[in-house]
Amino acid sequence: VVLFSGQSNIQFRMEEEITPPEDYADDENLRIFVSERIEQGEPLTPADGWVKCRRENIPKWSAVAYLTGCEARNAGVPTVGVVVCSQGASVIQSWIDDRVFVGSALELPDEKLHRDSTSPNYSRWNAPGRLYHFMLERLMPYSFGNVVWYQGESNTSPDEGRIYTELLAMMIENWRKEFRDDHLPFTVVQISDFTDT
């Protein structure tokens, strides 16, 4: 079971991706669980939590989670579960337990933060610890084989950029402790450069 977390790059759906729908295939041994998001109100998943991979529901799957799950299945992993716990325009501070973060040397004043931290559009989820408590704690203490973290755009102020590696280390240490796995592997996806041309 792999946990996919971060911001909108994790939310990006297969229907927004270039794979043609005719290439989608049912897979009884690939399943997804999607955590409810603050902005959403309703989870993607039904009451039982897990959704089997069916051609008709693949368009709504996280592209990163689906394609990673397919790669694992193609590599011979007998059963793969992907858990998506993400929120667009989220800052890393909201994914760290506020009892760990607030008052630490990594807490910066508002004027040194990226605008997403204080934007009225995103204030519901960007307070320190907000997503940690609303989304991540609901998954504890379940076990995961790996975490895929794909975030960073909302922490690109010059001051945050200088300490982002430390913020990431704090988050990883916090999650490993709460998931009771000191060696839980993290795969950090670097945001790629792009141009409009």
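Index from 1, following the sequence.
Environment of CZ in R115: sparse, with no more than 12 heavy atoms of neighbouring residues, nucleotides or ligands closer than 6.0 Å. For E111, the CD atom counts as densely surrounded, since its 6.0 Å shell holds more than 12 non-hydrogen atoms of other residues, nucleotides or ligands.
Both I96 and I172 belong to a single network of hydrophobic side chains, linked directly or stepwise wherever heavy atoms of I, L, V, M, F, W or Y lie under 4.5 Å apart. Cluster membership check: F186 shares its hydrophobic cluster with L167, using side-chain heavy-atom separations under 4.5 Å among Ile, Leu, Val, Met, Phe, Trp and Tyr. The hydrophobic cluster containing V188 does not contain V91, counting ILVMFWY residues as joined when their side-chain heavy atoms lie under 4.5 angstrom apart, directly or transitively. When hydrophobic clusters are built by joining Ile, Leu, Val, Met, Phe, Trp and Tyr residues whose side-chain heavy atoms come closer than 4.5 Å, directly or via intermediates, Y164 is grouped together with L113. Hydrophobic clustering (ILVMFWY, side-chain heavy atoms < 4.5 Å, transitive): L131 and F179 are in one cluster.
Applying the ring-ring contact (aromatic ring centres under 6.0 Å, His included) test to residues at least two apart or on different chains, the pairs with a partner in residues 102-123 are Y122-W125. Pairs passing the side chain to side chain donor-acceptor pair (under 3.5 Å) check and including a residue from residues 172-182, sequence neighbours excluded, do not occur.
Contacts of P185 classified as side-chain contact (heavy atoms from CB on, under 4.5 Å), with partners at least two apart in sequence or in another chain: N146. Every residue two or more places apart in sequence or in another chain was checked for a ring-ring contact (aromatic ring centres under 6.0 Å, His included) with F134, and none qualifies. Residues forming a side-chain contact (heavy atoms from CB on, under 4.5 Å) with Y150 (at least two apart in sequence, or on another chain): N9, I10, V64, V189, I191. Contacts of Y66 classified as ring-ring contact (aromatic ring centres under 6.0 Å, His included), with partners at least two apart in sequence or in another chain: W61.
With hydrogens and angles disregarded, no donor-acceptor distance shorter than 3.5 Å links the side chain of E166 to the backbone of L106. Formation of a donor-acceptor pair under 3.5 Å by the D110 side chain with backbone atoms of T118 is not found in this model. In this structure a side-chain-to-backbone donor-acceptor pair under 3.5 Å is missing from E15 to K60. With R73 contributing its side chain and P78 its backbone, the two residues share a donor-acceptor pair below 3.5 Å. Counting only distance, with no hydrogens or angles, the side chain of T68 and the backbone of A65 share no donor-acceptor pair below 3.5 Å. Without hydrogens or angle criteria, S5 side chain to C85 main chain gives a donor-acceptor distance under 3.5 Å. Proximity of a side-chain donor or acceptor of N126 to a complementary backbone N or O of A89 within less than 3.5 Å is detected. When atom types are taken as modelled, the side chain of N155 and the backbone of I92 share a donor-acceptor pair closer than 3.5 angstrom.
Atom-to-atom distance recorded for R99:CZ and S104:OG is 14.5 Å, nearest 0.5 angstrom. The CG atom of L3 sits 7.5 Å away from atom OG of S35, with the distance rounded to the nearest 0.5 Å. F144 contributes atom CZ, which lies 11.0 Å from atom CZ of F4 (distance to the nearest 0.5 angstrom). Here CD of Q87 is found 10.0 Å from OG of S154. Values are rounded to the nearest 0.5 Å. Here the CE atom belonging to M170 is positioned 10.5 Å from the CG atom belonging to D97, to the nearest 0.5 angstrom. Of the inter-residue distances, the one linking L136 atom CG with R130 atom CZ reads 13.5 Å to the nearest 0.5 angstrom.
Side-chain contact between P59 and Y24 is present, with heavy atoms from C-beta onward closer than 4.5 Å. The side-chain heavy atoms of K52 and L30, taken from C-beta on, include no pair separated by under 4.5 Å. For the pair V51/N57, a side-chain contact is recorded, criterion being any heavy-atom separation below 4.5 Å from C-beta on.
Of all non-hydrogen atoms in K112 and S157, the two that sit nearest each other are O-OG, 2.7 Å. Nearest heavy atom pair, residue M135 against residue W95, reads SD-CH2, 3.9 Å. Contact detail for V84 and S62: the closest heavy-atom pair is CG2-CB, 3.9 Å. Across every non-hydrogen atom of E16 and Q11, the tightest pair is OE1-O, 4.5 Å. Across P128 and V102, no two heavy atoms sit closer than the pair CB-CG2, 4.0 Å. Across all non-hydrogen atoms, the minimal contact from P120 to S123 is O-OG, 3.3 Å.
For the 3.5 Å distance criterion, the side chains of D98 and Q93 fail to qualify, holding no donor opposite an acceptor.
In this structure, E28 pairs ionically with R54, as a charged nitrogen and a carboxylate oxygen lie closer than 4.0 Å.
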Evaluate side chain to side chain contact (heavy atoms under 4.5 Å, CB included) for V82 paired with V80, printing each intermediate quantity in order. CA-CA 7 Å; V82 295; V80 177; 4.2 Å; yes

May I have the step-by-step check of side chain to side chain contact (heavy atoms under 4.5 Å, CB included) for V83 and L139, ending in yes or no? CA-CA 9 Å; V83 175; L139 302 177; 4.0 Å; yes

